[in-house]
Visitor: 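First, the structure itself, so that you have it in front of you.
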Amino acid sequence: MANMSLVKNPMPVQEPLVRNKNFKEVALGYTEEQAIDEANRCLGCKNHPCVGGCPVAIDIPNFIAKVKEGDFEGAYQIISRSSSLPAVCGRVCPQETQCESKCVRGIKGEPVAIGRLERFVADWHMANFKGMPQKPEQNGHKAAVIGAGPSGLTCAGDLARMGYKVTVFEALHLAGGVLVYGIPEFRLPKAIVQKEIENLKALGVEINTNSVIGRTITVDELFEKGYEAIFIGSGAGLPRFMNIPGENLKGVYSANEYLTRTNLMKAYLPDSDTPIMSAKNVAVVGGGNVAMDAARCAKRLGAENVYIVYRRGKEEMPARNEEIEHAEEEEIIFKTLNNPVEILGDEHKCVKGMRCVEMELGEPDESGRRRPVVKEGSEFVLDVDCVIMSIGTSPNPLIRNTTEGLDTQKWGGIIADENGQTSREGVFAGGDAVTGAATVILAMGAGKTAAKAMDEYIKSKNA
Amino acid sequence: MYKIIKKERLNPTVTLMEIEASAVAEKAEPGQFIILRVDEKGERIPLTVADFDRDKGTVTIIFQIVGATTKKLDCKEEGEYICDFVGPLGVASHTEGLKKVAVVGGGVGCAIAYPIAKKLHNNGCEVHSVVGFRNKDLVILESEFDKVSDKLCLMTDDGSCGEKGLVTDALKKLIDSGEKYDEVITIGPLIMMKFVCALTKEYGIKTVVSMNPIMIDGTGMCGGCRLSVGGETKFACVDGPDFDGHLVDFDEAMERSNMYKEFERKRYEEECNLFKKEVN
């Protein structure tokens, strides 16, 4: 009998004013009973529109059917046919604009909590299934993947399953890309990322950390070493600044730096050698998921007041609603329709305030969002000692500058067709390196598509 | 893991290590840097490449013990390993076409200036080296510089070795005596580079400095290493580390370099206490 409740089973969470002082995971996950109850909200409808909303086309109704039966391992097997990182996606995918936005239950009431069920299934598997995946039979061909982030890991996993010997080259000392340096522990525990990476290694994927492509070794040299196809998933890691006065003062960070110090380098732990400023009043400039992450980290690192300063309204914020809600619950102060014009420093060049102006929304611009315009005479100074710029990132120029014949957009993105094929034969690309900063799941989708295209390419070369 | 092939104490606070890292050695050029992490809890620190041996697959680093991380690194012995060693990063120093250059090094900065002097010398360039130290106990690489320099001026603050005075005194003397340099390359403490640049600006001699600010990834991702150069923001890790010294805002760079001074001091003391305990 279907569960006809109009609302999702709520996600158990840590209390807001407790969790904003620790780095433990915020959302605690469904119990088996909650999962089965939620699964019973799925009608198993014939045309399953949810699958079309998933960038990696997970067979959603069938995995949910297994959850209904209590066959959680069976559910996991169905998900893992399409996704290399289910425990990650169940946590960080914007399901509300993807699978869940297509769910028929969402027409009247809330859609089925597909994301929460995916997370439940992946966590259940990790906790209860002790074996490692089997290494597939090798086909004798070699492929290289640049960047161990979501797109690269997905591409590597898919190629390994097809029998390729895959080597992943990662610039940092740890694999995971944005999953380890960007998304905080309280939203995505690093142990989970490590576990997913261990699974890939069991499939035979080799991960070479400390390898900066374009410096340590170039794309052309990878071909010389016998890799038959190369996937570039180097992400969009170059932080943007606003180019306003005072941005080089002490206490101004890019969100990338702030999050990398906190997450990758574990600056929040007392025994870490990596320092991070302990600020009292922090302004985070920007309205995306990264801004929410930075703000919530700042709060956990002990700041009394943390402001999100965003030039449009809350409606226009690109961050997921869930992230905005979580931030609000944790007492992050939203200063929407505010824009910084200058960061003020003291005699030691430390931040002592941020001059802002108020904005109002005018006519819609190219993006369809109403354009913010400055309100005359609205200048004020926000009392802060730390500013975190979270206004976006662009692709790193290192690979495009050292790879001849690789065409890129003016803004730096690598040009690739719908299969990930670039202007260089045998070179494929996907994820943020192609699209500019987007989501984990879109990057994974691109990695998946490219793996298929690389397989076809290598086969056709050897036919 | 990266093996320490050789360790040599150059003076009480400066240590040389040769690290087995064949992929880095294969590509390294003077002026580039590496990032290392001593152990799993360690921070990432940039160090400029002091030398490399492509055949042996080793890279030499020379570092001054200034904080917890360099202290920890200094405690490692030959045959032991460090956790991470990545590079070569940054853009190599431009040495092509230079006919006569003054290389001005200060303190441990001489370790970075040396491979550049050597490369210039090997390219057939006339090299005048001016190296400065606080006192005779801190002098490093004197004979190495001697081999690759057509002229060598060794300066100490107290006159205990070479001539008494600052590197700027020696450089001024050389210029005033009629030496005409295509370029001055200077590497050392920020304050020294600032004054070398102030001097060469008066004489209108192009001057290149090597910057070594705080950074994390070294590939352009964090932006922590940003500097103002000619009014524009540059990332030392990918745009540098070499810059036109007459355009660099040294005062800002000096302020930024002490951003974590308090944390570093505390951490250093903790590390020293730990070290004392281990010894006792």
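Below, chain A is the first sequence line, B the second, and so on; all start at residue 1. A quick note: this is a predicted structure, and the numbers were derived from the prediction, not measured. Computed over heavy atoms, backbone and side chain alike; hydrogens, waters and symmetry mates excluded.
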Visitor: Show your working on side-chain contact (heavy atoms from CB on, under 4.5 Å) between A:K250 and B:N258 and close with a plain yes or no.
Guide: CA-CA 9 Å; A:K250 285 185 286 182; B:N258 66 27; 2.7 Å; yes

Visitor: Contact between B:V86 and A:H173 at the side-chain level, heavy atoms closer than 4.5 Å - yes or no?
Guide: no

Visitor: Considering only heavy atoms, which portion of B:L89 lies under 4.5 Å from any heavy atom of chain A: side chain, backbone, both, or neither?
Guide: both

Visitor: What part of B:F85 lies closer than 4.5 angstrom to a heavy atom of chain A: side chain, backbone, both or neither?
Guide: backbone

Visitor: So which of B:G218, B:C83, B:A21, B:G224 has the biggest tally of heavy-atom pairs under 4.5 Å with chain A?
Guide: B:G224

Visitor: Heavy-atom pairs under 4.5 Å with chain B are the metric here; pick the option from A:L264, A:L398, A:T260, A:N243 that has the most.
Guide: A:T260

Visitor: Go through B:S228, B:P88, B:A68 and name the one with the most non-hydrogen pairs under 4.5 angstrom from chain A.
Guide: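 The option with the most such pairs is B:P88.
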
Visitor: Please evaluate residues A:D271 and B:K41 with respect to the criterion salt bridge (charged side-chain N to carboxylate O under 4.0 Å, His left out), reporting the C-alpha separation (whole Å), side-chain torsions for both, the decisive distance (0.1 Å), and the verdict.
Guide: CA-CA 7 Å; A:D271 63 348; B:K41 289 189 173 139; 2.9 Å; yes

Visitor: Check whether A:L174 gets within reach of chain B through its side chain, its backbone, both or neither, counting any heavy atom under 4.5 Å.
Guide: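 Contact with chain B: none, neither part.
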
Visitor: Using a cut-off of under 4.5 Å on heavy-atom pairs, state which of A:M265, A:M389, A:R261 scores highest against chain B.
Guide: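 Looking at each of A:M265, A:M389, A:R261 in turn, A:R261 comes out on top.
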
Visitor: Between chain A and each of B:V24, B:L227, B:T233, B:D217, count heavy-atom pairs under 4.5 Å; write down the option with the most.
Guide: B:T233

Visitor: Looking at B:F263 and A:S272, what are the two nearest heavy atoms and their distance?
Guide: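 Minimum heavy-atom separation between B:F263 and A:S272: CZ-O, 3.9 Å.
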
Visitor: Where do B:G220 and A:P239 come nearest, in terms of heavy atoms and distance?
Guide: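 Result for this residue pair: O-CD, 3.3 Å.
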
Visitor: Please report the shortest heavy-atom distance between A:S254 and B:C222, naming the atom on each side.
Guide: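 Nearest pair, atom of A:S254 first, then B:C222: OG-O, 2.6 Å.
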
Visitor: Give the interface residues of residues 26-39 of chain B toward chain A, defined by a heavy-atom separation under 4.5 Å.
Guide: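 Against chain A, the residues of residues 26-39 of chain B that fall inside the cut-off (heavy atoms, under 4.5 Å) are B:K27, B:Q32, B:R37.
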
Visitor: For the interface with chain A, which of B:D251, B:T219, B:T69 has the highest count of heavy-atom pairs at distances below 4.5 Å?
Guide: B:T219

Visitor: Could you check whether any side-chain heavy atom of B:R44 comes within less than 4.5 Å of a side-chain heavy atom of A:L172, counting everything from C-beta outward?
Guide: yes

Visitor: What option among A:N256, A:V212, A:T216 has the most heavy-atom pairs under 4.5 Å with chain B?
Guide: A:T216

Visitor: Without swapping roles, check the side chain of A:N210 against the backbone of B:D84 for a donor-acceptor pair under 3.5 Å.
Guide: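 Pair absent, no side-chain N/O of A:N210 close to backbone of B:D84.
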
Visitor: Taking side chain as everything from C-beta outward and backbone as N, CA, C, O, which of these in B:Y2 sits under 4.5 Å from a heavy atom of chain A? Side chain, backbone, both or neither.
Guide: side chain

Visitor: Please work out whether the ring planes of B:Y260 and A:Y253 are parallel, tilted or perpendicular, with thresholds of 30° and 60°.
Guide: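 Tilted.
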
Visitor: Let me know if A:Y258 has heavy atoms under 4.5 Å from chain B in its side chain, its backbone, both or neither.
Guide: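 No part of it gets close to chain B.
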
Visitor: Can you give me the closest heavy-atom contact between A:N248 and B:R226, atom names plus distance?
Guide: OD1-NE, 3.0 Å

Visitor: Carefully, step by step, assess A:K349 and B:E252 under the rule salt bridge (charged side-chain N to carboxylate O under 4.0 Å, His left out).
Guide: CA-CA 8 Å; A:K349 302 219 175 185; B:E252 180 188 278; 5.3 Å; no

Visitor: Given a strict heavy-atom distance threshold of 4.5 Å, which part of A:N396 is in contact with chain B: side chain, backbone, both, or neither?
Guide: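 For A:N396, the side chain is the part near chain B, not the backbone.
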
Visitor: Taking every non-hydrogen pair under 4.5 Å, which of B:E232, B:E43, B:E255 racks up the most with chain A?
Guide: B:E255

Visitor: Relative to chain A, which of B:M221, B:R256, B:M259, B:E262 shows the most heavy atom pairs under 4.5 Å?
Guide: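 Sorted descending by pairs with chain A, the first entry is B:M221.
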
Visitor: Measure distances from A:L259 to the heavy atoms of chain B and classify the residue's part below 4.5 Å as side chain, backbone, both or neither.
Guide: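 Neither the backbone nor the side chain of A:L259 comes within 4.5 Å of chain B.
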
